[in-house]
There are 2 protein chains.
Amino acid sequence: MKLTTRSEYVFLAILSIARSKEKGYIPLSKIAREQKLPMKYMEQLMQTLCRSGYLSSSRGKEGGYRLAKPARKITIAEIIRLFDGPLAPTESVSTYFYRLTPLSREKKLLGVMQEIRDYVSNALEKTTIADVL
Amino acid sequence: MKLTTRSEYVFLAILSIARSKEKGYIPLSKIAREQKLPMKYMEQLMQTLCRSGYLSSSRGKEGGYRLAKPARKITIAEIIRLFDGPLAPTESVSTYFYRLTPLSREKKLLGVMQEIRDYVSNALEKTTIADVL
DNA sequence: TACAATTCCTACTAACCTTATAGGGATTAT
DNA sequence: ATAATCCCTATAAGGTTAGTAGGAATTGTA
């Protein structure tokens, strides 16, 4: 697992929305301004979040985004997988992105990687957006 | 941390050398043939290992590579850092490759990443080539 | 000495990924 | 109508990955 700005930006945006006291939708312009995120880039990431059911959106004036489910139902693991792929250090020990890699032959080394994968996976599956609010 | 073929190939090569019963130097041609690794690409990686003091080499006929220090003194962590950079999931919690990232603002999330970094680092620092032989 | 086998060094490259920017279309409250 | 918003697609600069290519330097052996 390696985080890129995609995951990192998305966490800032989701947390911003989750913390917001306002009832309605939060426009991206506000989030981008407050968190200093590149607006047009964020638009794409927000769409991905909508399509995957984490956010719901409303167009037009008074539009924006809000959480489509409670913060405690959104795990850190899901978001990272969605934007930056496997949590595992190598795909040969990944559950969701499995494929054979050169390391696959070395069973002991693979075991070490598997343990890391299990730890990381467990830590991130059990941590939700609500936990980091 | 994310492994590329660089680290993975290098582990195969080092293990191959470490397992070899022969006294002298092992030529790369032999390793590349046995492990089916791209020879000219490996040359570059082997040089990096030499320059960093993990292997010593001899040119010419009967030349090749051998370990420059005992297998139990070479940690998995060192090799991965050398070829694939930080063990941490994001550089804002990396010791050797630290820099500020967007996530730096979110202290709780950063804490989660820090714990992962600590676990991975510890696991890989204490595991050596000798352990995975 | 000549040769063959090796490492050493540098340059180059195709394909892919990251991090955006750009322009416009569709929708909606006022 | 208008302004503000999200939606969609195309494009691109720069970096990374995974090599290939060609030759220089070194060394044991015939």
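Order of the sequence lines fixes the chain letters, A, B, ..., with proteins taken first and strands second; residue numbering starts at 1 for each chain. Fair warning: this is a prediction, and the values are worked out from it, not measured in the lab.
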Please tell me which of B:K61 and A:R6 maps to the more 5' nucleotide of DNA chain C, matching each residue to the nucleotide holding its nearest heavy atom.
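Nearest-nucleotide comparison on DNA chain C picks B:K61.
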Think A:R66 has a side-chain N or O under 4.0 angstrom from the OP1 or OP2 of D:dT5?
no
Identify which nucleotide among [options] has an atom closest to any side-chain atom of [X], counting heavy atoms from C-beta outward.
| X | options | result |
| --- | --- | --- |
| B:T4 | D:dC7, D:dA18, C:dT6 | D:dA18 |
| B:E43 | C:dT21, D:dG19, C:dC9 | C:dC9 |
| A:T5 | D:dC6, D:dG19, C:dA20 | C:dA20 |
| B:R59 | C:dA20, C:dT6, C:dA11 | C:dT6 |

Do B:R6 and B:D84 sit within salt-bridge range, that is, some charged N less than 4.0 Å from a carboxylate O?
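Yes, charged N to carboxylate O under 4.0 Å.
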Would you mind checking if A:R81 and A:E78 are paired as a salt bridge, meaning a charged N to carboxylate O distance below 4.0 Å?
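Looking at A:E78 and A:R81, the cut-off is not met.
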Scan [X] against the nucleic acid and name what it touches under 4.0 Å (heavy atoms): base, sugar-phosphate only, or nothing.
| X | result |
| --- | --- |
| B:F83 | nothing |
| B:Q47 | base |
| A:Y65 | sugar-phosphate |

Do A:R99 and A:S94 get their side chains close enough for a donor-acceptor pair, meaning under 3.5 Å?
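No, no side-chain donor-acceptor contact under 3.5 Å.
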With a 3.5 Å distance limit and no angle check, can you tell me whether A:N122 reaches the backbone of A:Y119 through a side-chain donor-acceptor pair?
no
